[in-house]
Amino acid sequence: WATAPMPGPDSSTPGLSLAGGSSLVIFASSERKPAAWKLIEFLSRPEQQVRFYGLTGDLPARLEAWDAPELRDDPIIGAFYDQLLHVAPTPKVPEWELIAARIIDQVEAVVRGNVSIDDALSELDRVVDGILEKRRWMQARLAEQRP
């Protein structure tokens, strides 16, 4: 088996993928913010991300960590580095997880041969439009209330 970046607009450029993974956070109510910040700084160091990769297989988020030979010289995971250079943040709407689930549903239907790509995209457009309908209504009401 092998890996490859997401298909892009042409053969020389990977497509965009969504930045994912997990986040390191400090809760506002934390009573140990300085210690938590030190832990985050420690875990974010490239050498710690390489060590974490060795222990768990989780790929580093820091570009500097990818200079490590065990990452740089592995052709199977090289595609993940290429993709890391072509990411965009997830949309900043609370409904994103629901929308992402609906995308997965439609992709699965296409892969299984149950619907055509065009029909899946039409259905996805209809469903997402419905999901975002309340958000648009709320934003319109807020705009009306502004002086």
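Atom set for the values below is all heavy atoms of this structure, side chains included, hydrogens, waters and symmetry mates excluded. One-based numbering along the sequence shown. Keep in mind that this is a model prediction, so the values were computed, not measured.
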[X] side, atom [atom1]; [Y] side, atom [atom2] - distance, nearest 0.5 Å:
| X | Y | atom1 | atom2 | value |
| --- | --- | --- | --- | --- |
| E64 | R45 | CD | CZ | 13.0 Å |
| D125 | Q106 | CG | CD | 11.0 Å |
| H86 | Y81 | NE2 | OH | 10.5 Å |
| K33 | I26 | NZ | CD1 | 8.0 Å |

Residues, nucleotides or ligands: over 12 heavy atoms within 6.0 Å of [X] [atom1]:
| X | atom1 | result |
| --- | --- | --- |
| R32 | CZ | no |
| W37 | CH2 | no |
| R51 | CZ | no |
| Q145 | CD | yes |
| Y53 | OH | yes |

For a quick test of reading the model, state the closest non-hydrogen atom pair linking [X] to [Y] and the distance between them.
| X | Y | answer |
| --- | --- | --- |
| S44 | R62 | O-NH1, 2.7 Å |
| M6 | S17 | CG-CB, 4.1 Å |
| Q49 | A65 | CB-CB, 4.3 Å |
| P14 | D82 | CG-O, 4.4 Å |
| P60 | L71 | CG-CD1, 3.6 Å |

Following the transitive rule for hydrophobic clusters with a side-chain heavy-atom cut-off under 4.5 Å over Ile, Leu, Val, Met, Phe, Trp and Tyr, establish whether [X] and [Y] coincide in one cluster.
| X | Y | value |
| --- | --- | --- |
| L18 | I103 | yes |
| L124 | V93 | yes |
| I77 | L63 | yes |
| L16 | V87 | no |
| W96 | V107 | yes |

* **Residues R141, E144: salt bridge by 4.0 Å N-O rule** =>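 No, this pair does not count.
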
* Asked: Checking side chain to side chain contact (heavy atoms under 4.5 Å, CB included) for the pair L142/R146: CA distance, chi angles, key distance, verdict?
  -> CA-CA 7 Å; L142 286 173; R146 291 189 189 123; 4.2 Å; yes

Exercise answer: donor-acceptor pairs, residues 127-136 side-chain atoms, under 3.5 Å, sequence neighbours excluded:
{"from": "D129", "atom 1": "OD1", "to": "R136", "atom 2": "NH2", "distance (Å)": "2.5"}
{"from": "R135", "atom 1": "NE", "to": "E95", "atom 2": "OE1", "distance (Å)": "3.0"}
{"from": "R135", "atom 1": "NE", "to": "E95", "atom 2": "OE2", "distance (Å)": "3.4"}
{"from": "R135", "atom 1": "NH2", "to": "E95", "atom 2": "OE1", "distance (Å)": "3.4"}
{"from": "R136", "atom 1": "NH2", "to": "D129", "atom 2": "O", "distance (Å)": "2.9"}

* Taking ILVMFWY side chains as joined if any heavy atoms are under 4.5 angstrom apart, and letting links pass through other members, which residues group with V115? ->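 Members alongside V115: V110, I117, L121.
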
* Quick one: are Q48 and F42 in side-chain contact, heavy atoms under 4.5 Å? ->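 The answer is yes, as the side chains (C-beta and beyond) meet within the 4.5 Å cut-off.
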
* Should W66 and V50 count as side-chain neighbours, where that means a heavy-atom distance under 4.5 Å? ->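 Not touching, per the 4.5 Å side-chain cut-off.
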
* To do: Walk me through it: do S12 and D10 pass the test side chain to side chain donor-acceptor pair (under 3.5 Å)?
  => CA-CA 6 Å; S12 65; D10 59 61; 2.6 Å; yes

